[in-house]
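Taking it in order: structure first as structure tokens, then the write-up.
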Amino acid sequence: EVLLSFASRMLVELTMRPYKTALTLHSKTFTADEFIEWCMRQPEVRDQCDALFLGNELLTRGIFLPVSYGTTDALFWTPTLKTGGATFRLVLKKKAQIVAAI
């Protein structure tokens, strides 16, 4: 319930922008630092550790993924959210998709 509410608010409140790679244009992206900064303004989040925990939960459930994360990457590494300028792309863009993932 809390994670669903949190993810739904993220879709609406987090500032996202397009990001172009050599082959793909991602319409909704954000950096790790932007996500953490947004999280810190949410009532469920007490500190940066909570923000990182919630971010990694959403990442694990496939709500968003790193821009550079391809289908073959899933065989070799698990993405994690850390502070910094790493860019992430929103994968699930509708509330119904988020409900199914959570």
Side-chain angles (χ1 to χ4, degrees):
E1 178 84 22
V2 173
L3 200 56
L4 177 62
S5 167
F6 190 80
S8 299
R9 280 197 319 264
M10 183 186 85
L11 289 175
V12 176
E13 298 173 7
L14 183 61
T15 304
M16 297 188 204
R17 66 195 156 295
Y19 183 89
K20 187 174 191 302
T21 64
L23 301 173
T24 309
L25 175 65
H26 300 286
S27 62
K28 294 190 174 216
T29 66
F30 54 92
T31 66
D33 284 343
E34 290 167 341
F35 176 80
I36 292 168
E37 185 179 307
W38 174 80
C39 284
M40 298 295 288
R41 295 191 303 264
Q42 302 309 307
E44 302 92 345
V45 179
R46 295 171 297 193
D47 55 18
Q48 188 177 18
C49 289
D50 282 353
L52 289 169
F53 175 79
L54 285 168
N56 280 304
E57 275 296 310
L58 295 174
L59 193 61
T60 300
R61 295 168 190 262
I63 308 295
F64 58 86
L65 290 171
V67 165
S68 62
Y69 192 74
T71 52
T72 56
D73 292 328
L75 300 172
F76 303 108
W77 64 284
T78 303
T80 56
L81 182 77
K82 300 179 245 182
T83 57
T87 303
F88 293 86
R89 62 187 163 92
L90 192 63
V91 176
L92 305 180
K93 299 176 181 155
K94 296 181 181 165
K95 188 171 180 175
Q97 293 173 317
I98 291 174
V99 169
I102 293 175

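These figures come from a predicted structure and were not determined experimentally. This chain uses plain numbering: 1 for the first residue, then up along the sequence. Below, all heavy atoms of this structure are taken into account, side chains as well, without hydrogens, waters or symmetry copies.
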In the structure I gave you, are the side-chain heavy atoms of [X] and [Y] within less than 4.5 Å of one another anywhere?
{"X": "Asp50", "Y": "Glu44", "value": "no"}
{"X": "Val99", "Y": "Ser8", "value": "no"}
{"X": "Leu54", "Y": "Gln42", "value": "no"}

For this session: State which residues pass ring pair (Phe, Tyr, Trp, His ring centres under 6.0 Å) with Tyr19; sequence neighbours excluded, sorted by chain then number.
Result: none
Seminar exercise, completed: Residues passing the ring pair (Phe, Tyr, Trp, His ring centres under 6.0 Å) test with Phe64, sequence neighbours excluded, are Phe30, Phe35, Phe88
How many angstroms lie between atom [atom1] of [X] and atom [atom2] of [Y], to the nearest 0.5 angstrom?
{"X": "Glu37", "Y": "Leu14", "atom1": "CD", "atom2": "CG", "result": "9.5 Å"}
{"X": "Asp47", "Y": "Leu52", "atom1": "CG", "atom2": "CG", "result": "9.0 Å"}
{"X": "Thr29", "Y": "Leu65", "atom1": "OG1", "atom2": "CG", "result": "13.0 Å"}
{"X": "Arg61", "Y": "Asn56", "atom1": "CZ", "atom2": "CG", "result": "12.0 Å"}
{"X": "Leu90", "Y": "Leu58", "atom1": "CG", "atom2": "CG", "result": "10.0 Å"}
{"X": "Thr87", "Y": "His26", "atom1": "OG1", "atom2": "NE2", "result": "9.5 Å"}

For this session: Taking atom CZ of Arg41 as the centre, report whether more than 12 heavy atoms of other residues, nucleotides or ligands fall under 6.0 Å from it.
Result: yes
For this session: Keeping to residues at least two apart or across chains, list the salt bridge (charged side-chain N to carboxylate O under 4.0 Å, His left out) pairs with something in residues 16-26.
Result: Arg17-Glu34
Problem set entry | Residue list, salt bridge (charged side-chain N to carboxylate O under 4.0 Å, His left out) with Asp33, at least two apart or on another chain | none
For this session: Start with the C-alpha distance between Thr24 and Arg89, add both sets of side-chain angles, then the distance that settles side-chain contact (heavy atoms from CB on, under 4.5 Å), and finish with yes or no.
Result: CA-CA 11 Å; Thr24 309; Arg89 62 187 163 92; over 6 Å; no
Exercise. Which pairs count as ring-ring contact (aromatic ring centres under 6.0 Å, His included) when at least one residue sits in residues 41-63, sequence neighbours excluded?
Worked result: none
Problem set entry | Considering all heavy atoms, the nearest Ala101-Leu92 contact | CB-CD1, 3.5 Å
Distance-only check: which donor-acceptor pairs under 3.5 Å involve side-chain atoms of residues 79-86, not counting sequence neighbours?
none

